[in-house]
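Following this message is one structure expressed as structure tokens.
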Amino acid sequence: MREYDAIFIGAGQAGPFLAARMAAMGRKVVLIERKFLGGTCVNAGCMPTKALVASAKTVEVARRASEFGVTISGEPIVDMAAVAARARKVTLDARSGLASWFDSLETMDVIHGQAKFVGAKAVSVDGADYTAPQIFINVGARPHIPDIPGLEDVPYLTSTSVIALKELPKHLVVLGGSYIGLEFAQMYRRFGAEVTIIERGQQLAPREDADISQAIADILSGDGIKVLLNHKILSVTKEDAGVVVETDQGEVRGSHLLVALGRRPNTDDLGLDHAGVETDQRGFITVNERLQTTAESIWALGDCNGQGAFTHTSYNDFEIATANLLDGGDRKVTDRILGYGLYIDPPLGRVGMTERQAKEAGHRVKVSTRPMSRVGRAVEKGETLGLMKLVVDADTDLILGAAFLGVGGDEAVYGVLDAINLGATTEKLRWAVPIHPTVGELVPTLIGDLKEARNLLE
């Protein structure tokens with residue numbers, strides 16, 4: 001039995017940073033990873049996908065060059081092998097950087113293999129046992145593959161495998177109209193593929209308000225993507241030319257199929273029952289507001305705890321655990337104000353509550369919206385799709401949430417994100433003197449245009 005001060009299972013965006021912090025303090029730690037350092041973000045998420053988004057944006061800029069007085073002869077040629085290679089290099093460089101960092105830490109060991117619990121303070125890896133008074137699980141999640149008749153007989157793609165695709169699909173059919181599916185749908189349409197999105201719900205990006213969702217659908221439709229809503233998937237079959245998706249409203253044929261129907265935690269093969277660690281029905285590890293599991297000596301960080309499905313929420317889990325365990329703090333995951341982005345072009349920056357969520361929570365709400373066509377910076381850049389939206393409590397003037405769908409929206413929303421975290425009222429924020437010309441300078445204008453919204457029950 002090899003003894004350590006702490007064991008870390010999974011090398012995502014939470015555990016390794018805590019392990020490195022402990023190692024810098026002289027504590028002996030071991031990081032166990034069964035595949036690649038960096039987790040989803042580095043290997044199959046943020047970094048490679050945003051590299052692909054950048055390539056797709058470049059194609060679109062080239063196509064629109066004449067609008068800006070620049071002449072480019074002919075249609076841009078997309079080399080999918082080169083596009084995939086660029087995304088892979090971004091991943092490999094990041095992975096290599098992590099390996100070099102961990103190698104430099106004298107009291108930190110990195111082991112590659114499958115960890116399984118043999119007790120509340122012990123795990124086994126390839127026949128070797130390791131024990132520590134503290135264990136941290138940071139194993140992430142993977143694409144969820146639903147039980148669709150015929151799917152097991154079709155060579156489908158997931159958000160992981162599609163990244164390495166070196167050929168351009170003739171017609172990519174995307175199952176699922178949420179964030180991952182939408183990003184891949186737009187990028188492959190811009191690369192030159194025909195694209196169809198099949199969504200069973202009434203709107204794309206179902207967490208968003210209806211007006212934001214409709215604007216997203218308009219952006220994608222404007223790119224030539226076919227959006228099918230309220231379509232229940234009945235079965236999938238393979239044919240010589242590709243795949244056939246049978247829905248309750250007819251058939252959709254394509255050359256390639258991307259399954260983007262959610263994610264599931266990588267917790268089913270850890271032997272959690274041997275450690276007394278409980279999970280919910282979906283497999284997410286049950287944690288308290290300080291990220292401690294039902295086993296006193298074990299914490300769960302990142303996607304696998306169901307408290308956030310983003311790199312930044314995973315990293316914030318690291319910050320919470322570090323503050324509480326090493327710095328004498330008392331931070332809680334329930335204090336977190338969630339923000340996130342959707343990286344279609346133009347992007348969506350979201351923070352706090354939607355209008356619907358605010359009303360359902362009992363707030364009397366004031367709302368302000370502004371189309372990006374009335375934002376000077378967007379007009380100057382020739383990118384006027386989308387809208388900005390601000391949600392405020394009518395009784396306290398506290399800002400509850402915002403959605404900035406438009407050029408620079410993922411950056412401009414930071415002003416509102418910071419204001420919410422500081423507990424600022426609209427009266428404080430409206431007198432800020434912003435920089436011109438920017439997208440964020442319209443926040444005081446949004447505040448000036450606030451109007452009370454109707455109640456959901458009216």
### Query
Has Leu422 got more than 12 heavy atoms of other residues, nucleotides or ligands less than 6.0 Å from its CG?
yes
### Query
Closest heavy-atom contact between Ala394 and Lys366?
CB-CG, 3.6 Å
### Summary
By salt bridge (charged side-chain N to carboxylate O under 4.0 Å, His left out), Arg200 pairs with (sequence neighbours left out) none
### Query
Side chain of Ser96, backbone of Leu92: donor and acceptor closer than 3.5 Å?
no
### Ser255 (side chain) donor-acceptor with His171 (main chain) under 3.5 angstrom
yes
#### Entry: Carboxylate-amine/guanidinium contact Asp223 Arg189, below 4.0 Å
no
#### Entry: Whether Thr91 side chain and Val42 backbone form a donor-acceptor pair below 3.5 Å
yes
### Message
Taking salt bridge (charged side-chain N to carboxylate O under 4.0 Å, His left out) as the definition, give me every residue that meets it alongside Lys166, ordered by chain and number, with sequence neighbours left out.
### Response
none
#### Entry: Euclidean distance, Glu33 CD relative to Asn138 CG, rounded to 0.5 Å
9.0 Å
### Query
Going through the checks in order, is the side chain to side chain contact (heavy atoms under 4.5 Å, CB included) test met by Glu411 and Thr438?
CA-CA 10 Å; Glu411 296 285 350; Thr438 60; over 6 Å; no
### Task
Applying salt bridge (charged side-chain N to carboxylate O under 4.0 Å, His left out), name anything that partners Asp418, two or more places apart in sequence or on another chain.
none
### Task
Give a yes or no answer on whether the side chain of Thr160 reaches the backbone of Ala44 with a donor-acceptor pair at less than 3.5 Å.
no
### Task
State which residues pass ring pair (Phe, Tyr, Trp, His ring centres under 6.0 Å) with Phe136; sequence neighbours excluded, sorted by chain then number.
Phe8, Trp299
### Query
So, Gln186 versus Tyr343: side-chain donor-acceptor pair below 3.5 Å or not?
no
### Query
Can you check whether Ile285's main-chain N or O pairs, donor with acceptor, with Glu278's side chain at less than 3.5 Å?
no
### Query
Considering all heavy atoms of both residues, which atom of Gln203 and which atom of Ala210 are nearest to each other, and what is their separation?
OE1-CA, 3.8 Å
### Task
Provide the closest heavy-atom pair for Lys359 versus Val365 in the form atom of the first, atom of the second, distance.
CG-CG2, 4.0 Å
## Note on the structure
Of all heavy-atom pairs linking Thr49 and Glu183, the shortest is OG1-OE1, 4.5 Å
### His312: partners by ring pair (Phe, Tyr, Trp, His ring centres under 6.0 Å), with sequence neighbours left out
Phe310
### Task
For residues Val259 and Pro146, report the shortest heavy-atom separation together with the two atoms involved.
CG1-CD, 4.0 Å
### Task
Could you tell me which residues satisfy ring pair (Phe, Tyr, Trp, His ring centres under 6.0 Å) with Phe17, sequence neighbours excluded, listed by chain and number?
Trp101, Tyr315, Phe318
#### Entry: Expected output: side-chain Arg430 to main-chain Ile447 donor-acceptor under 3.5 Å
no
### Side chains of Val245 and His231 in contact at under 4.5 Å (non-hydrogen atoms)
no
### Task
Using a cut-off of 6.0 Å, state whether more than 12 heavy atoms not belonging to Lys170 lie near its atom NZ.
no
## Note on the structure
By side chain to side chain contact (heavy atoms under 4.5 Å, CB included), Asp268 pairs with (sequence neighbours left out) Arg142, Arg264
### Message
Would you say that Val439 contacts Met388 through its side chain, given a criterion of any heavy-atom pair below 4.5 Å between the two side chains?
### Response
yes
### Task
Check whether any side-chain heavy atom of Pro437 sits under 4.5 Å from a side-chain heavy atom of Glu380, and report yes or no.
yes
### Partners passing side chain to side chain contact (heavy atoms under 4.5 Å, CB included) against Asp93 (at least two apart in sequence or in another chain)
Lys89
### Query
Do the side chains of Glu208 and Leu405 get nearer than 4.5 Å, heavy atoms only?
no
### Message
Consider side-chain hydrogen bond (donor to acceptor under 3.5 Å, both in side chains). Of Thr354, Asp209, Thr369, which one does Lys389 pass it with?
### Response
Asp209
### Message
I'd like to know if the side chain of Asp248 and the backbone of Lys232 have a donor-acceptor N/O pair within less than 3.5 Å.
### Response
yes
### Task
State, with a plain yes or no, whether a side-chain heavy atom of Leu234 is found less than 4.5 Å away from one of Glu246.
yes
### Task
Look only at the side chain of Asp410 and the backbone of Leu342, and say whether a donor-acceptor pair between them is shorter than 3.5 Å.
no
### Message
The criterion is side-chain hydrogen bond (donor to acceptor under 3.5 Å, both in side chains); which residues satisfy it with Gln202, sequence neighbours excluded?
### Response
none
### Task
Applying salt bridge (charged side-chain N to carboxylate O under 4.0 Å, His left out), name anything that partners Glu289, two or more places apart in sequence or on another chain.
none
#### Entry: Sub-4.5 Å side-chain heavy-atom contact between Lys226 and Glu194
no
### Task
Mind checking ring pair (Phe, Tyr, Trp, His ring centres under 6.0 Å) for Phe102 and listing every partner two or more places apart, or none if nothing turns up?
none
### Interatomic spacing from CD1 in Ile298 to CG in Leu291 - rounded to 0.5 Å
14.0 Å
### Message
For the backbone of Gly382 and the side chain of Arg64, can you confirm whether one donor and one acceptor N or O come within less than 3.5 Å of each other?
### Response
yes
### Message
Just checking Arg290: does its CZ atom have more than 12 heavy atoms from other residues, nucleotides or ligands closer to it than 6.0 angstrom?
### Response
yes
### Query
So which pairs with a foot in residues 183-230 pass ring-ring contact (aromatic ring centres under 6.0 Å, His included), sequence neighbours left out?
Tyr188-Phe191
### Task
I would like to know whether Asp211 and Gln214 meet side chain to side chain donor-acceptor pair (under 3.5 Å); could you show each step before the answer?
CA-CA 5 Å; Asp211 52 355; Gln214 184 59 55; over 6 Å; no
### Message
What I want to find out is whether Glu383 reaches Lys57 closely enough, with some N-O distance under 4.0 Å, to be called a salt bridge.
### Response
yes
### Message
Within the structure provided, determine whether Arg336 and Asp317 are in side-chain contact (heavy-atom separation under 4.5 Å).
### Response
yes
### Message
Treating Asn305 as the side-chain partner and Ala300 as the backbone partner, does any N or O pair qualify as donor plus acceptor under 3.5 Å?
### Response
yes
### Message
Before you tell me yes or no, could you show the steps for Ile148 and Leu261 under side chain to side chain contact (heavy atoms under 4.5 Å, CB included), namely the whole-Å CA-CA distance, both residues' side-chain angles and the distance that decides it to 0.1 Å?
### Response
CA-CA 11 Å; Ile148 299 174; Leu261 293 168; 4.1 Å; yes
### Query
Does a side-chain heavy-atom distance below 4.5 Å link Arg190 with Arg63?
yes
